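Worksheet: one structure, shown below.
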Amino acid sequence: MKVALIGVGQAGGNVTERLARFDANMGYGAVQGALAVNSAETDLQSLEFVDTQLIGADRVNGHGVGADNELGTEVMQSDIQQILDGLDGRVTSEAEAIFVVAGLGGGTGSGGAPVLVHHLQQIYDIPVYALGVLPGRNEGALYQANAGRSLKTLLREADSTLLIDNDAWHEQGESVEGAFETINEKIAKRVGLLFASGEAVEGVGESVVDSSEVINTLRAGGVAALGYATEIASEDSSENITTAMTVSRQALLTGTSLPEATTADSALLVVAGRPDAIPRKGVEKARHWLEDETGSMQVRGGDFPLDSDRLGALVLLGGAERSDRVQAFMDRAREATDEAESESTDHADRLTDDRLENLF
Ligand SMILES: Nc1nc2c(ncn2[C@@H]2O[C@H](COP(=O)(O)OP(=O)(O)OP(=O)(O)O)[C@@H](O)[C@H]2O)c(=O)[nH]1
């Protein structure tokens with residue numbers, strides 16, 4: 001799937017840079033253009049691989065918005081034309097989708113990403129998706145509350161919002177900050193493979209996954225999640241039937257970007273490995289299992305030919321917002337909002353309102 005990427009804020013910029021780099025190193029050519037936008041100048045200076053654009057300089061003088069996501073919304077709104085102009089040539093005519101990438105807990109990305117998605121939707125005919133990083137459980141109440149509002153608004157504006165929980169893809173015991181490198185690398189590989197689906201392969205059979213399968217899976221809207229797992233495989237496909245099942249189960253149940261999100265409207269199972277090693281029977285079994293597990297009758301599938309001694313499963317879920325994990329996060333965000341508001345007498349009147357307001 002050919003995509004254009006726009007990272008907003010620190011997490012957005014870092015993840016965009018990693019994704020663009022992974023795609024270039026692998027030679028997939030799925031990332032057509034990438035831009036990082038931020039109100040903090042130093043964050044942009046640390047990026048080497050993607051083009052950058054500073055916003056809000058007249059308001060915050062390059063110092064960031066300090067986790068104030070309403071200010072993040074405002075600076076994005078003020079400078080939106082400049083960003084849209086800068087996208088000429090980056091969103092090419094070949095691009096099949098745009099991804100706006102952001103950490104939802106801070107200020108610039110949390111507040112800015114929904115505004116950017118809104119404007120991109122007015123201009124482009126291709127789907128505009130969000131790739132949102134949720135704060136880990138140990139990050140403060142402000143981050144949870146910010147992420148709740150940002151997610152609520154993104155769900156309204158984006159064609160689908162792919163969520164990565166910062167608690168999901170790092171080792172036990174590692175602090176979230178210390179783990180950014182690990183998490184970003186995992187995001188780059190997994191999301192990078194999803195983008196590369198249908199790109200990297202030439203002259204191969206009809207079972208190969210195509211970018212339209214990704215788009216159709218995300219058509220369910222709402223929340224999307226991505227899981228991944230691999231195992232050493234035999235050269236003989238008939239010996240890999242159990243392995244295909246095992247990696248598919250692991251991808252959904254333990255290797256997912258959103259732990260415990262298994263209920264979905266649609267799903268896509270991409271099996272990666274040497275074409276000779278991919279067991280048709282095993283893949284069929286895994287697809288049926290995925291139908292039962294997600295409760296979806298729309299489970300698509302396809303192969304991703306890859307020269308590797310491992311067999312991998314990439315599971316994309318669409319319409320996963322009814323999952324326990326998303327509900328639990330929204331509860332956490334609402335509680336955090338209540339806490340923040342009960343501490344602030346200025347905002348006492350807001351308590352009577354819907355507790356998670358849209359950002360705009
Ligand atoms: N996975 C990952 N998460 C990050 C990274 N950097 C920050 N975060 C997370 O993103 C959230 C904070 O958002 P940032 O992107 O730092 O904030 P920002 O959008 O730049 O906004 P301000 O700094 O307030 O202007 C927190 O939940 C962090 O844990 C990163 O490189 N990778």
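Each ligand, and each atom within it, is numbered from 1 in the order the structure gives. The shown structure was predicted, so the numbers you read here are calculated from the model rather than taken from an experiment. Just so it is clear, the values below take in all heavy atoms, side chains as well, and ignore hydrogens, waters and symmetry mates.
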Closest protein heavy atom to [atom], given as residue, atom name and distance to 0.1 Å:
atom	value
atom 26 (C) of ligand 1	Glu139 OE1, 3.1 Å
atom 15 (O) of ligand 1	Ala11 N, 2.8 Å
atom 19 (O) of ligand 1	Gly109 N, 2.7 Å
atom 20 (O) of ligand 1	Gln10 N, 2.8 Å
atom 25 (O) of ligand 1	Thr108 OG1, 2.7 Å
atom 17 (O) of ligand 1	Gly106 CA, 3.8 Å

What do you reckon, does [X] have a nitrogen or oxygen under 3.5 Å from a nitrogen or oxygen of ligand 1?
X	answer
Asn166	yes
Ser110	no
Leu134	no
Ile187	no
Gly107	yes
Asn14	yes
Val65	yes
Asn184	yes

Minimum non-hydrogen distance to atom 24 (O) of ligand 1, winning option of Ser46, Ala67, Gly140: Ala67
Scan side-chain atoms only and decide if [X] and [Y] contain a donor-acceptor pair under the 3.5 Å cut-off.
X	Y	answer
Ser296	Ser266	no
Asp331	Gln327	no
Gln121	Asp159	yes
Glu239	Ser234	yes

Considering the options Val50, Val100, Asn184, which one meets the side chain to side chain contact (heavy atoms under 4.5 Å, CB included) requirement together with Thr16? Val50
Partner of Leu162 by side chain to side chain contact (heavy atoms under 4.5 Å, CB included), out of Leu317, Leu258, Leu218, Val191: Val191
Could you establish whether Ala40 and ligand 1 come within less than 4.0 Å of each other, counting only heavy atoms on the residue side? no
Tell me if the CG atom of Asn358 is crowded by more than 12 foreign heavy atoms within 6.0 Å. yes
Does Glu235 CD have over 12 foreign heavy atoms under 6.0 Å away? no
Pair listing, salt bridge (Lys or Arg N to Asp or Glu O under 4.0 Å) test, anchored in residues 270-293, at least two apart: Arg274-Asp307, Arg280-Asp303
Establish, yes or no, whether a centroid distance under 6.0 Å links the rings of Phe360 and His118. yes
In plain terms, say whether Asp51 and Arg90 are close enough for a salt bridge, that is, a side-chain N and a carboxylate O under 4.0 Å apart. yes
Output yes when a protein non-hydrogen atom is found under 4.0 Å of atom 22 (P) of ligand 1, and no otherwise. yes
What heavy-atom pair brings Thr153 and Leu359 nearest, and what distance separates the two atoms? OG1-N, 2.9 Å
Per-atom contacts, ligand 1 versus [X] - under 4.0 Å to a heavy atom:
X	result
Pro135	27 (O)
Tyr143	12 (C), 26 (C), 27 (O)
Ile183	1 (N)
Gly66	24 (O), 25 (O)

Not counting sequence neighbours, list each pair that qualifies as a ring pair (Phe, Tyr, Trp, His ring centres under 6.0 Å) and has a residue in residues 81-110. Phe99-Tyr129, Phe99-Phe195
